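Notes for the one structure printed next.
Bear in mind that the values here come from a model prediction, so they are computed numbers and not experimental data.
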Amino acid sequence: MIVISSIAQDKIREMKEEMDEDIILKYGVKSACCNELNYALSLSKKNKDDRIFEFPGFKVAVHPADIRYITDTKIEYSEEGDGGFYISSRHPLVSQLI
């Protein structure tokens, strides 16, 4: 369902070390404008309705309404340019920019 590259996993674990234990990675989509959706990543506390996916050293929370948009996506991380996370996806309704 969700794939996270090893480089992205390392970066998430590194960021998580500086935060409280109950902080997790939230992954989903957000409305950008009109009918446009963007992927969203954040570190925060989980909501009661979130579905939890476990990875070594961290958890990912996804709101049930976002599952259909994040299925078969891959979270990656690159140090090139400004550096940062990006999403690989074939979903036609969601921009791959974060």
Side-chain angles (χ1 to χ4, degrees):
M1 170 161 287
I2 301 171
V3 176
I4 304 177
S5 71
S6 60
I7 294 169
Q9 286 189 41
D10 291 343
K11 189 66 175 178
I12 293 165
R13 280 189 289 271
E14 179 184 315
M15 293 167 59
K16 175 108 174 61
E17 286 178 2
E18 302 169 8
M19 303 192 172
D20 293 336
E21 185 65 31
D22 60 343
I23 299 297
I24 60 176
L25 180 69
K26 295 197 76 161
Y27 179 35
V29 295
K30 64 179 179 177
S31 178
C33 174
C34 304
N35 293 329
E36 185 179 333
L37 296 172
N38 288 336
Y39 288 106
L41 292 173
S42 64
L43 291 167
S44 63
K45 294 183 180 183
K46 84 173 211 65
N47 294 325
K48 67 176 184 162
D49 296 332
D50 287 341
R51 184 161 172 207
I52 303 298
F53 298 89
E54 301 220 16
F55 289 86
F58 66 95
K59 296 178 183 178
V60 178
V62 178
H63 189 277
D66 293 342
I67 295 286
R68 66 184 174 151
Y69 297 111
I70 61 135
T71 298
D72 298 327
T73 60
K74 182 176 183 180
I75 300 172
E76 302 188 65
Y77 184 84
S78 175
E79 294 284 348
E80 292 184 29
D82 291 335
F85 293 96
Y86 62 98
I87 308 297
S88 297
S89 168
R90 289 180 269 146
H91 199 291
L93 298 177
V94 185
S95 169
Q96 295 186 27
L97 301 175
I98 295 181

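Side-chain N or O atoms of D50 include one that pairs as donor or acceptor with a backbone N or O of N47 at under 3.5 Å. Proximity of a side-chain donor or acceptor of K11 to a complementary backbone N or O of S6 within less than 3.5 Å is not detected.
Surrounding NZ of K59 are at most 12 heavy atoms belonging to other residues, nucleotides or ligands under 6.0 Å away.
Distance check: L41 CG to F85 CZ gives 7.0 Å after rounding to the nearest 0.5 Å. Residue E14 holds its CD atom at 13.5 Å from CD of Q9, rounded to the nearest 0.5 Å.
In this structure, the side chains of V60 and I52 stay at 4.5 Å or more apart for every pair of heavy atoms. Side-chain contact check for L43 versus L25: some heavy-atom pair is nearer than 4.5 Å. The side-chain heavy atoms of I7 and E79, taken from C-beta on, include no pair separated by under 4.5 Å. Two residues are said to be in side-chain contact when any heavy atoms from C-beta on lie closer than 4.5 Å; K45 and I23 meet this criterion.
Hydrophobic clustering of Ile, Leu, Val, Met, Phe, Trp and Tyr side chains at less than 4.5 Å, counting indirect connections, keeps V3 apart from Y77. Put simply, V29 and I4 are part of the same group of oily side chains (I, L, V, M, F, W, Y) that touch within less than 4.5 Å, one to the next. Under a hydrophobic clustering in which Ile, Leu, Val, Met, Phe, Trp and Tyr are joined whenever their side-chain heavy atoms come within less than 4.5 Å, directly or via other members, I75 and I70 fall into the same cluster.
P56 and R13 make their closest contact through O-NH1, 2.5 Å (heavy atoms, listed as atom of the first residue, atom of the second, distance). Shown here for E80 and S78, the closest heavy-atom pair between the two residues is N-OG, 3.1 Å.
Between the side chains of T73 and Y39, no donor N or O sits under 3.5 Å from an acceptor N or O.
Remark: F58 pairs with F55 by the ring pair (Phe, Tyr, Trp, His ring centres under 6.0 Å) rule, at least two apart or across chains.
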